[in-house]
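A short worksheet on the structure shown next.
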Protein chains: 2
Amino acid sequence: MSLPHAILTALLEKPSSGLELTRRFDRSIGYFWPSTHQQIYRELGKLEKAGHIRVLPAAQPARGQRKEYEVLPAGREELMAWVSLAEDPRPVRDPLLLRMRAAAVVGSAGLAGELRRHLALHRAQLAEYLEIEERDFPPERTSDEDRLRRLVLRGGIDLETFWTGWLTRAIDDLDGPGS
Amino acid sequence: MSLPHAILTALLEKPSSGLELTRRFDRSIGYFWPSTHQQIYRELGKLEKAGHIRVLPAAQPARGQRKEYEVLPAGREELMAWVSLAEDPRPVRDPLLLRMRAAAVVGSAGLAGELRRHLALHRAQLAEYLEIEERDFPPERTSDEDRLRRLVLRGGIDLETFWTGWLTRAIDDLDGPGS
DNA sequence: GTTAGCATGTAAATGGTTACATGATTGT
DNA sequence: ACAATCATGTAACCATTTACATGCTAAC
């Protein structure tokens with residue numbers, strides 16, 4: 001049940017239309033809660049029916065036409081309640097680890113190449129995050145909001161650092177003793 | 001499409017019934033690909049129809065009665081093909097990071113407590129993994145299979161290490177300047 | 001023979017993904 | 001007028017989760 005709250009957060013930051021939200025997701029909240037326009041439109045409909053958001057009066061509601069939404073007080077309260085909720089971490093579900101485990105049984109042909117490919121992808125993601133950090137969070141701007149947003153970004157950075165480190169060691173370990 | 005392959009892997013390690021698989025998932029493959037008995041029964045049915053596994057002749061197929069499965073050659077080939085496949089990493093989808101981002105907008109009341117709770121959970125998971133490492137992977141047993149399985153476990157350890165580290169710093173950062 | 005637990009299964013709801021459909025706007 | 005693009009939406013599918021149903025087996 002996280003997508004509606006992701007949308008409320010994005011709308012509080014700035015009232016938007018469905019497609020605008022989709023695009024902003026692609027380069028901020030979507031880094032840790034990806035979503036597509038289909039899902040977003042569906043959720044916007046539900047949120048509106050629930051009285052958590054509304055269409056800005058300025059925009060006319062016709063088919064191919066822009067509809068801008070804003071958050072209502074009820075929506076903000078819903079979001080505040082959700083933030084302080086107790087919710088356990090999602091269990092890990094990772095196909096690469098699974099494939100490695102399968103390779104232990106049927107042989108690891110082709111696996112090293114795949115690990116290298118993943119390493120490159122994670123390095124690229126790490127570089128992207130570091131660039132964002134440098135651009136959006138220069139030292140010494142520490143409002144409460146910025147501190148939280150920077151922590152989230154730090155989470156992404158540390159996570160990609162974990163992957164690159166682990167993959168590097170895994171590749172060494174597979175190549176080394178085998179060749 | 002990973003669950004069938006997870007099941008093939010588990011069945012290759014040891015032919016089992018549905019419920020046995022469920023239990024073994026709970027303490028090995030399930031650490032990085034959790035599943036419930038409902039899903040497992042359904043997949044066993046599909047895998048059997050696809051000719052990837054079969055019921056061991058010894059077991060009679062009656063309703064409340066144990067049915068033991070084993071992998072057929074076609075199943076093993078399917079698994080080998082899957083191991084060397086190119087498949088991008090799953091995008092991250094983490095509600096805690098999302099809630100932190102939401103807290104930047106509606107205020108972080110109650111968040112610090114939740115972070116501490118998560119820290120405790122991740123520490124417990126880390127301790128569990130380290131125990132498994134010590135028990136199942138003593139130094140100097142390095143068959144190819146063990147090397148791969150140990151790498152997978154290392155992945156879990158490193159991941160939990162990342163979480164505990166990040167959460168610790170996040171809690172400091174929130175508590176420190178605020179009080 | 002009744003209860004407790006083991007084992008297999010069905011059904012419905014939720015959330016996410018992929019493919020497609022359609023209206024409005026802008027540039028040529 | 002036509003094409004390209006922006007914007008909103010529908011439909012079908014698939015995987016996961018939750019709740020429930022049913023048959024077998026062993027202990028009392």
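Chain A is the first sequence line, chain B the second, and so forth, proteins listed ahead of strands; every chain is numbered from 1. For clarity, every value in this text was computed on a predicted model and none was experimentally measured.
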Is the distance from OP1 or OP2 of dG9(D) to the nearest side-chain N or O of Tyr41(A) less than 4.0 Å?
no
With a 4.0 Å limit, can you tell me whether Arg93(B) has a side-chain N or O closer than that to the phosphate oxygens OP1/OP2 of dT16(D)?
no
Met1(B) side chain: which of dG15(C), dA7(D), dA15(D) is closest?
dA15(D)
What contact category does Ser17(B) fall into here, base, sugar-phosphate, or nothing, at under 4.0 angstrom with non-hydrogen atoms?
sugar-phosphate
Tell me whether Arg117(A) is salt-bridged to Glu114(A), with the criterion being a basic N under 4.0 Å from an acidic carboxylate O.
yes
Glu20(B)/Arg23(B) salt bridge by N-O under 4.0 Å criterion:
no
Let me know the distance between CZ of Arg66(B) and C1' of dA26(D), rounded to the nearest Å.
16 Å
Lys/Arg-Asp/Glu bridge criterion (N-O < 4.0 Å) met for Glu128(B), Arg27(B):
no
Regarding Arg23(A), tell me which of base, sugar-phosphate or nothing describes its non-hydrogen contacts under 4.0 Å with the strands shown.
sugar-phosphate
Does Lys67(A) pair with Glu48(A) as a salt bridge, N-O distance under 4.0 Å?
no
Within this structure, what is the CD1-to-P distance between Ile40(A) and dT8(D), rounded to whole angstrom?
11 Å
Which nucleotide, dT16(D), dT8(D), dC6(C), lies nearest any side-chain atom of Trp33(B)?
dT16(D)
Mapping Tyr69(B) and Pro91(B) to their closest nucleotides on DNA chain C, which lands nearer the 5' end?
Tyr69(B)
Contacts under 3.5 Å, N or O only, protein and nucleotides 18-20 of chain C:
unit_1: dA19(C); atom_1: N6; unit_2: Gln38(A); atom_2: NE2; d: 2.7

Salt bridge present between Arg169(A) and Asp173(A) (N-O < 4.0 angstrom):
no
Between CG of Leu44(A) and P of dG15(C) the distance, given in whole Å, is 15 Å
Residues Arg147(A) and Asp144(A) bridged, charged N to O under 4.0 Å
yes
Lys46(A) side chain: which of dT8(C), dG15(C), dG16(C) is closest?
dG15(C)
Taken to the nearest whole Å, CD/Glu68(B) to C1'/dC6(C) is 15 Å
So which of Trp163(A), Trp166(A), Phe162(A) actually passes ring-ring contact (aromatic ring centres under 6.0 Å, His included) with His122(A)?
Trp163(A)
Quick one: His5(B) NE2 to dA15(D) C1', roughly how many Å, whole number?
15 Å
Over how many whole Å does the gap from Leu47(B) atom CG to dA15(D) atom P extend?
12 Å
Rounded to the nearest Å, what distance is computed from the CG atom of residue Asp94(B) to the P atom of nucleotide dG16(C)?
14 Å
Tell me the interatomic distance from Leu3(B), atom CG, to dC14(D), atom C1', rounded to whole angstroms.
12 Å
Give Arg90(B) one of three labels, base, sugar-phosphate or nothing, depending on what nucleic acid heavy atoms sit under 4.0 Å from its own.
nothing
